[in-house]
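Whatever order the structure lists ligands and atoms in, that order sets their numbers, starting from 1. Here the structure is a predicted model, which means the values were calculated and not measured.
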Amino acid sequence: MNKWYQKAMIYQIYPKSFKDSNNDGIGDINGITESLDYVQQLGTNTLWLNPIFVSPQIDNGYDVSNYFAIDPLLGTMDDFQKLVEAIHKRKMHLVLDLPINDTSDQHPWFQDAIKNKDSIFRDYYIWSENQGNRPNNWGSFFGGSVWEPDPNGGSQYYCHIFDKKMPDLNWKNPEVRKSMADIAKFWIDKGVDGFRLDAFIHIAKANFGQNILNQKEKFPVDSSFYANLPEVKLYLKDFIKLVKGYKDDVFFLGEASSADAYQAAEYTRPERFGCDMVVTSDNYGEMYPMTDSKIPMFFQPRQLSIKRLKETFSVWEAVLEKISLPALTWGNHDISRVLDRLHIDSQDNDLPKALAVCMYLQRGIPIIYYGEEIGMRNLKYKKLRDFHDQRALDLIDFMQSKGYSDEEILTLLNQQDEMTARGPFQWSADKFVGFSNHHPWNWATHNDAAADEAVKNDGSLFAFYRAVLKIKTQPLFSEGQYLLLKTDAKIYAFERELNGKKAFVIVNFDHKTVKYRVPTVKVVHTLLSNKASSLVDNVVTMEQSGSIVIEEK
Ligand code: NOJ
Ligand code: CA
């Protein structure tokens, strides 16, 4: 454990929604700088900011048109430098989100590429042969085809696996890898400690001469044609070598949403210049009851499955054991907030605590999505017209065409849509939740969680998160081995072990009180417990949603 990031505890901030310092309704860099006391009080030591570069904001900053400047919506380079200084003064670290799979169509590389077919930037993007039609039926993650005609005419199409205003970069071209490394170096010079590599698993594509077999849809989505292909590792290696050659303790957190544990291992083998850690959406321990098979997978309601949680983490922990640290997270900006996703009762303060204990004390690096620590829930929009993101608009069209009522669609979107998870951070009970004096850019009904009260109250979810993260600073919990313990189906229990010393984390997800004998003959003591969970003669008694952390003396 000699790299700073092995002890990282990450707090993810969606900059537009955290704190608005100049009251224009949009969160900004200075707002983050003003809030560092809070973040540090929680016990996190690393910030990951969603993209802050200049962007037309088609995809909330993931569509970058200038990688070398801060988007004026969020502040200036001067503000940014002050933020970095303040973070480092607190011995904290900063990770920036770096979209590497694509740029905005407004980026000068793309503009030059379409203006001049001989431009050196033409080959920065992915073009179909001069055949005058789409090379295949591949569907974009944001709907429609991945192929869009060259806006300046001719018979070629460019590839975009996300929005059509986000052309994919051609990572086959070594100049692209070098240019991306130059961008990373620029930000390293500004003091950045790491990068989240957005969508990196998509930087290689299969041979275009293949269609996806699917009779039902015109442009089906099948990410096996454009995710996790073998060349991803080669391209990544070139890029990471260039950057780590410049500064070797730069942290690369790869976004590998569809990678399984074995792919994650391949992406993070330390000897191969890959990522230091990857974050996936495979590890929430959820299952999809498929209550309505007509609804697309992304919007399917989910349920916490303890069986799945056990299976997922026993596999991820075992596969990555000698390789890298798993990412421990209950959510991010791309998915509905965890308490809504798992249908947790709004009065229940114990189950959220149980979720925190069992996730963050496993072996790995916690990533806490802003607001989770105070129990923030999804925004609840009042009408369908309040939804603006493409995925939601497509769902509305689709469900209306199938005869669902507006009410049904609204309920589903408020439950599952990602924009509802990007609400203003709830600082207080003030008119605009202490986020701003101005009407916030993303605003709707919200729950009454408020940070100012939470930090004062010893029984709050915030106080519990702080206690969990404090425990996490012990080497036993950051470095120790993880072992899933044999228990009843609804108890999640695991052991951590380091140099012969053990700790046990036990959570009761059952609806009844349970007893559990801690598997040790040594004397143990309680480090943290919730819901009157008690320990007598090495036997734990726990009520529903109770949790306990025990350590050998
Ligand atoms: C992954 C990001 O997390 C998501 O928010 C974004 O829409 C896609 N990349 C495409 O840029
Ligand atoms: Ca602002």
Requested in this report: Taking Asp340 for its side chain and Arg377 for its backbone only, find out whether a donor-acceptor pair lies under 3.5 Å.
Outcome: no
Query raised in the report: Which protein heavy atom lies closest to atom 3 (O) of ligand 1, and at what distance to 0.1 Å?
Result: Asp334 OD2, 2.5 Å
Query raised in the report: Of all heavy-atom pairs between Met180 and Leu169, which one has the smallest distance, and what is that distance?
Result: CE-CD1, 3.5 Å
Query raised in the report: Nearest protein heavy atom to atom 11 (O) of ligand 1, by residue and atom, and its distance?
Result: Asp59 OD2, 2.9 Å
Query raised in the report: Looking only at heavy atoms of Glu418, does any of them come nearer than 4.0 Å to an atom of ligand 1?
Result: no
Query raised in the report: Is the gap between the ring centers of Phe425 and Tyr14 under 6.0 Å?
Result: no
Requested in this report: Hey, can you tell me if Tyr124 and Phe121 have their rings parallel, tilted or perpendicular (30° and 60° cut-offs)?
Outcome: perpendicular
Query raised in the report: Once rounded to 10 degrees, what value does the angle at the Ca ion (ligand 2) take between OD1 (Asp24) and O (Ile26)?
Result: 90°
Report task. May I ask you to check whether His333 has an N/O atom sitting below 3.5 Å from an N/O atom of ligand 1? Result -> yes
Query raised in the report: From Asn22, does some N, O or S atom reach closer than 3.0 Å to the Ca ion (ligand 2)?
Result: yes
Query raised in the report: Parallel under 30°, tilted from 30 to 60°, perpendicular over 60°: which one fits the rings of Tyr369 and His333?
Result: tilted
**Report entry** Nearest to the Ca ion (ligand 2) - the N/O/S atom of Asp20, by atom name
**Finding:** OD1
Query - ligand 1 versus Arg196: contacting region, heavy-atom distance under 4.0 Å - result: side chain
Query raised in the report: Just by distance, do the side chain of Gln263 and the backbone of Asp260 share a donor-acceptor pair under 3.5 Å?
Result: yes
Query raised in the report: When you measure from atom 9 (N) of ligand 1 to every protein heavy atom, which one gives the shortest distance, and what is it?
Result: Asp198 OD1, 3.0 Å
**Report entry** Mutual orientation of the aromatic rings belonging to His439 and Trp443 [parallel < 30°, tilted 30-60°, perpendicular > 60°]
**Finding:** perpendicular
Report task. Run the contact test for Phe142 against ligand 1 with a 4.0 Å cut-off on heavy atoms, strictly below, and give the result. Result -> yes
Report task. Could you list which atoms of ligand 1 come closer than 4.0 Å to a heavy atom of Met166? Result -> 11 (O)
Report summary line: Closest to the Ca ion (ligand 2), among the N/O/S atoms of Asp28, is atom OD2
Query raised in the report: Where's the contact between Phe200 and ligand 1, heavy-atom distance under 4.0 Å: side chain, backbone, both or neither?
Result: neither
Requested in this report: Find all atoms of ligand 1 within a distance of less than 4.0 Å from any non-hydrogen atom belonging to Glu255, and give their numbers and elements.
Outcome: 1 (C), 3 (O)
Query - Test of ring centre spacing under 6.0 Å for Phe251 and Trp4 - result: yes
**Report entry** Centroid-centroid under 6.0 Å between Phe208 and Trp138 rings
**Finding:** yes
